[in-house]
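Some notes on the structure that comes next.
Since the structure is predicted, the reported quantities are computational estimates derived from the model, not experimental observations. Just so you know, ligand 1 is whichever comes first in the structure, and atom 1 is the first atom listed for that ligand.
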Amino acid sequence: MKSFRTDLHIHTVLSPCGDLEMSPARIVSLAGKRGLDIIGITDHNSTKHCQLVWKLGRRSGLTVIPGCEMTSREEVHCLGFFEDFDALNEFQDFLDLHLTIIPNKPSLFGYQAVVDEFDYILEEQANYLGASLDVSIEEVEQKVHELSGIFIPAHIDRPRNSLYSQLGFFPPELKVEALRISKLADEKAVREKFRINPEITLVKFSDAHYPEDLGKTYTEFYIEDPSFQELRKALKGEDGRSVRIP
Ligand SMILES: [Zn+2]
Ligand SMILES: [Zn+2]
């Protein structure tokens, strides 16, 4: 088994809170410099930068997993990842259908730009992507799994926008491939505090909104090759695959 340094929670300039420097080209170049093997693109409630980052990553030997950070009706942040662009595009339709419509005010919320590989702005998203979807966390999870994706509730130990802060408990019906804990959180302490089932894998990623944070926090994946199916096996601890928070 080989080790792959993986950061699956990265925002681009498309997220209202994402720095203007976080263009697809910059992210791919930074990921190489920081020694990352696999990255995930997870803008708030949009997947529109995934394909470009994936294309630029492929040119430089970086594996890019298309994804999204969704905000459920209960204001829980959760990550979804998809194996191919058919699934990703279908998920984008789901987001378009369910995002609460609040016109974006760039001066207040931040810019939400889709750019090209040369950092030229192609379009700005009119609706605020930090708004929540009008569907429950269970419905979001079911949609991700219907599309054979990976579902990971984000920063579960945080005092807001997390599974435990918003719901107060782990819904028994919810199916997760892993749970993501915050950068500074201690894995053992989080497990004890929330009494997390030992069979559930915990992971850490950077949640980078600024260039300096990208790749600062990561998880090592012990897998055969940097593919979506291998990542899934590692999260589920199958066939000798595993993950380790350094
Ligand atoms: Zn979040
Ligand atoms: Zn985030």
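Using modelled atom types, no side-chain atom of D7 and backbone atom of I39 make a donor-acceptor pair closer than 3.5 Å.
Between F82 and I65, the shortest heavy-atom distance links the atoms O-CG2, 4.3 Å.
Taking the Zn ion (ligand 1) as reference, the nearest N/O/S atom within E69 carries the name OE2. Nearest to the Zn ion (ligand 2), among the N, O or S atoms that H11 has, is NE2. Looking at D207, its N, O or S atom nearest to the Zn ion (ligand 2) turns out to be OD1. Residue-level check: among N/O/S atoms of H77, ND1 sits closest to the Zn ion (ligand 1).
No more than 12 heavy-atom neighbours from other residues, nucleotides or ligands sit within 6.0 angstrom of CZ on R195. By the 6.0 Å contact criterion, CZ on R244 is enclosed, its count of non-hydrogen atoms from other residues, nucleotides or ligands being greater than 12.
At least one N, O or S atom of H155 sits under 2.8 Å from the Zn ion (ligand 1). Distance check for H9 against the Zn ion (ligand 2): an N/O/S atom falls below 2.8 Å.
Using cut-offs of 30° and 60° on the angle between ring planes, the pair F205 and F221 is parallel.
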